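Notes follow the structure.
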Protein chains: 2
Amino acid sequence: MGVTIKDVAKAAGVAPSTVSRVIADHPRISLATKKRVKKAMKEMGYHPNANARSLANKSSQSIGVVMPAGADNALQNPFFPEVLRGISNIAHSMDYSLLLNTGQTDEEILEGVKRMVHSNRTDGIILLYSQLNDPVVNFLLEHNFPFVIVGKPSERIDEITHVDNDNVRGGKEITEHLIQQGHERIAFIGGSTDLVVTVDRMKGYQLALEEAGLPFLEEYRIHTEFLESGGQQAVNELFALENPPTGLVVTDDLMSIGVVSMLEKCGKYVPEDISLVSFNNVYLSEITRPPLTTVDIHIYELGQQAAKCLIEKVKDKSEPAKRVIVPYTIQYRSSTIERDMPYIK
Amino acid sequence: MGVTIKDVAKAAGVAPSTVSRVIADHPRISLATKKRVKKAMKEMGYHPNANARSLANKSSQSIGVVMPAGADNALQNPFFPEVLRGISNIAHSMDYSLLLNTGQTDEEILEGVKRMVHSNRTDGIILLYSQLNDPVVNFLLEHNFPFVIVGKPSERIDEITHVDNDNVRGGKEITEHLIQQGHERIAFIGGSTDLVVTVDRMKGYQLALEEAGLPFLEEYRIHTEFLESGGQQAVNELFALENPPTGLVVTDDLMSIGVVSMLEKCGKYVPEDISLVSFNNVYLSEITRPPLTTVDIHIYELGQQAAKCLIEKVKDKSEPAKRVIVPYTIQYRSSTIERDMPYIK
DNA sequence: TACAATAGAGATAACGCTTACAAACATAGA
DNA sequence: TCTATGTTTGTAAGCGTTATCTCTATTGTA
């Protein structure tokens, strides 16, 4: 149905291989024929067939993007469309297509990745999450298939190209902000400890506490997804403590919104009764009430960098594993407030 | 590098075509050889090359998904990951891949779609938005390329398969809820009128007002993106009116959160001072404060249906244009409150 | 002037798979 | 025994590109 390279060749009075060379912008081709062929291509509305190209080239000019498994609402996090935008931006500018992979379960994801890789549909893969002992990572590593992780690999970190923020430092700095405002009882609310990002941010939180000589208390740590009503209960318990916290470090803006809401149910207001700091700086954190003081991790750029790294790696398989740290900035807004009450033993 | 069909054929002592037939589950193949070939495939770790397949088949077993242009924050709307999940679910189960297309501008989008179509990389396309006079739609229509719209086409509606909610009725019903609660001065806040969904929901709003004998006032309608600070100003103006509204119909949960926040800046609280109803029922609308009374449009199912329709259409091009209406439900939560104050002329 | 070097373009063989079409084989009916 | 019929498999020609090799002019050099 479509116009093929042969049709163009015939029309331009050259051989198919010549047309191919024109497409590839081969140097050994005279300006005259180049023009003639290009004209013919335009006139006939010729567009190369990507599948044929991929077959001959053994390269698909497309990169796979893997979202975490989510039967739950985690995927509703604006983080994902935003990284996608960043990735898409670079991919587009480099003439790569995006192949998306999602799934309800980890097995489904793995299966999808296997398909992508084995079927030669993609040249490389970007993982939009990083969790402990991920079979997908192992698979990719085993097959020596180019991939990059957005986030920090949970193991074999030196072998895996990844783009990340310095979440430990970010966690530390944002916690310090709370400390500087006079808070001494600061709790931590984060997602699953299987997620590397949670662990890192908590490390930063711990570091800040230690440096300030504040205790790092077990009962001040909550790990929840806020999908189950368990979240509410955990928060309740936190404030039923003898010495409830006055400051909260929450690892995600979306989660923060849930927390603010839960607190209010208990009659606690942010920031009047309790200060809260958060991570990601999605659009929401600006329009919610109160606007959140949050670590802006520059999601869009994370995506861009990931795409860049991957394409480099795809073009030259011998490219060594790299680590790109996208600097964060802190958005100071109004979810925290000065506090001078001293720490009560 | 990879194992090819020939390798398997040799190993199993059959011809390549036989292997191919085994893959395709061709009926005219003896159980014995089928087993033998399958065993060989497994042992050698054979996986068909998708590009070669697509080339021979003239079908790529993959569907393109087009997100709206967004240099702005509109894409951070949880709507998108959610439809994607729905689409992905069906696609996966039917062994289709997902090709994603985004872009900063409308031109970029169009260009991307053209590439997808011309390069034979995709068998069909799902549009995740519907706007007035969309060049993408025209292009697809012109080329008679299978596609479906999530939403309502702005024109040639009978020629375009689309899956949508009854947004007019939804708009009407949710507005009626406000009216039943005694509200008589109800304003409307929505996105651009270029978006069909905005128009439809507004129509429903208007219908409800008219049926209840309430006036449909120009000054009660705001169209904004809430990205520009213009949003704040518009809301200010609304409440500077002689008779400010006591009820608000907002076309999107994300927008609602912005509105609630803006109102609070003006010292107005939802639902105490003003009731608010909304659309979409994303996860956020449940965890925000107050939890929003909102029209649940079943985003996930929209995605599923769209994928199903597209795949049908792809498999049989002569499939007529269809219209699938996913029923909505209303989530009553606590962003509205009874009001008995009568309408003041 | 002769001969190597080189630029420009054609022929042809992959790339891995599908699919008529043909061939081989077995079975049954005459 | 021989043809007719049906089942199972093989052969080979694409699908649309790219890459390699070859051939012919043309240019430069001794």
Side-chain angles (χ1 to χ4, degrees), chain A residues 1-38 40-41 44-62 95 97 115 117-123 315, chain B residues 1-38 40-41 44-62 95 97 115-123:
Chain A
M1 216 192 87
V3 183
T4 80
I5 210 171
K6 286 182 191 167
D7 302 327
V8 176
K10 209 167 285 175
V14 297
S17 50
T18 303
V19 178
S20 174
R21 281 189 271 252
V22 170
I23 295 170
D25 208 27
H26 192 98
R28 259 135 101 119
I29 205 114
S30 76
L31 213 78
T33 48
K34 195 180 272 186
K35 267 190 185 158
R36 197 147 40 91
V37 170
K38 282 199 170 162
M41 294 199 308
M44 310 181 71
Y46 169 74
H47 294 270
N49 180 315
N51 295 309
R53 271 191 140 187
S54 300
L55 183 59
N57 271 338
K58 292 156 164 314
S59 125
S60 59
Q61 284 286 108
S62 85
D95 266 315
S97 305
R115 268 200 357 162
V117 171
H118 283 141
S119 67
N120 284 99
R121 253 189 205 295
T122 182
D123 295 343
K315 287 197 172 154
Chain B
M1 215 192 84
V3 183
T4 79
I5 210 171
K6 285 185 192 167
D7 302 327
V8 176
K10 208 167 287 175
V14 297
S17 54
T18 305
V19 179
S20 172
R21 282 188 269 252
V22 170
I23 296 170
D25 207 29
H26 194 98
R28 286 243 244 267
I29 205 110
S30 76
L31 212 78
T33 49
K34 195 181 272 191
K35 267 190 187 158
R36 198 149 38 90
V37 169
K38 280 197 173 166
M41 294 200 305
M44 311 182 69
Y46 169 75
H47 294 270
N49 179 314
N51 295 309
R53 267 188 144 195
S54 300
L55 184 59
N57 272 338
K58 292 157 164 314
S59 124
S60 58
Q61 283 288 107
S62 85
D95 265 317
S97 305
R115 268 202 354 166
M116 272 189 181
V117 171
H118 283 141
S119 67
N120 284 97
R121 254 190 204 293
T122 183
D123 295 344

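Keep in mind the model is a prediction, meaning the values are calculated, not measured. Labels below follow one simple rule: chain letters A, B, ... track the order of the sequence lines, proteins then strands, and each chain is numbered from 1.
Each of dT18(C), dG10(D), dG16(D) was ranked by its minimum atom distance to the side chain of Ala56(A); first place goes to dG16(D). When each of dT18(D), dA11(C), dT17(D) is scored by its nearest atom to the side-chain atoms of Ala52(A), the top-ranked nucleotide is dT17(D). Distance from the side chain of Ser30(B) is smallest for dT8(D) among the nucleotides dT8(D), dG10(D), dG16(C). Ranking dG10(C), dT11(D), dT18(D) by closeness to the Val14(A) side chain, first place goes to dG10(C).
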- request: Evaluate salt bridge (Lys or Arg N to Asp or Glu O under 4.0 Å) for Arg115(A) paired with Asp95(B), printing each intermediate quantity in order.
  value: CA-CA 10 Å; Arg115(A) 268 200 357 162; Asp95(B) 265 317; 2.4 Å; yes
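The CG atom of Asp7(B) sits 13 Å away from the C1' atom of dC17(C) (whole-angstrom rounding). Atoms NE2 (His118(B)) and C1' (dG16(D)) sit 16 Å apart, rounded to a whole Å. In this entry the distance linking NE2 of His26(A) with P of dA19(D) reads 10 Å, nearest Å. Atom CE of Met41(A) is separated from atom C1' of dG16(D) by 15 Å (rounded to the nearest Å). If you take CG of Asn120(A) and P of dC15(C), they are 13 Å apart, rounded to a whole angstrom. Atom NZ in Lys6(A) sits roughly 21 Å away from atom P in dA9(C) (whole-Å rounding). One atom, CG of Asp25(A), and another, P of dA19(D), lie 14 Å apart when rounded to the nearest Å. If you measure from atom CD1 of Ile5(B) to atom C1' of dT11(D), you get 14 Å, rounded to the nearest angstrom.
Heavy atoms of Thr33(B) sit under 4.0 angstrom from primed sugar atoms or phosphate atoms, though from no base atom. Backbone-only engagement by His47(A) is indicated by non-hydrogen atom pairs under 4.0 Å involving sugar-phosphate atoms exclusively. Nucleic acid contact class of Val19(B) (heavy atoms, under 4.0 Å, all strands): none.
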field: Reading 5' to 3' through nucleotides 23-28 of chain D, protein heavy-atom contacts under 4.0 Å coded B for base, S for sugar-phosphate only, - for none
entry: ------
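Side-chain atoms of Arg121(B) never come within 3.5 Å of backbone atoms of Met116(B) as a donor-acceptor pair (strictly under, hydrogens ignored). Listed for the Asn51(A) side chain is a donor-acceptor partner under 3.5 Å among the backbone atoms of Asn120(B). Put simply, the side chain of Ser60(A) never gets that close to the backbone of Ser54(A): no donor and acceptor are under 3.5 Å apart. Of the possible polar contacts, none joining the Ser59(A) side chain to the Asp123(A) backbone as a donor-acceptor pair under 3.5 Å is found.
The side chain of Asn57(A) contributes no N or O atom lying less than 4.0 Å from OP1 or OP2 of dG16(D). In terms of phosphate contacts, Thr4(A) brings no side-chain nitrogen or oxygen within less than 4.0 Å of OP1 or OP2 of dG16(D). Phosphate proximity of dT18(C) to Lys58(B): absent, as no side-chain N or O sits under 4.0 Å from OP1 or OP2.
Contact of Ser17(A) with dA11(C) (side chain to base): a donor-acceptor pair of N or O atoms is detected under 3.5 Å.
No hydrogens or angles considered: a donor-acceptor pair under 3.5 Å links the side chains of Thr33(B) and Ser30(B).
Between Thr18(B) and Arg28(A), the residue anchored nearer the 5' end of DNA chain C, judged by the nucleotide with its closest heavy atom, is Arg28(A). Both Leu55(A) and Arg21(B) lie near DNA chain D, and the one whose nearest nucleotide falls closer to the 5' end is Arg21(B).
Counting all heavy atoms, side chain and backbone alike, Val3(A) lies closest to Gly45(A) at CG2-O, 4.3 Å. What you find for Ala11(A) and Ala40(A) is that their closest heavy atoms are CB-CB, 4.5 Å.
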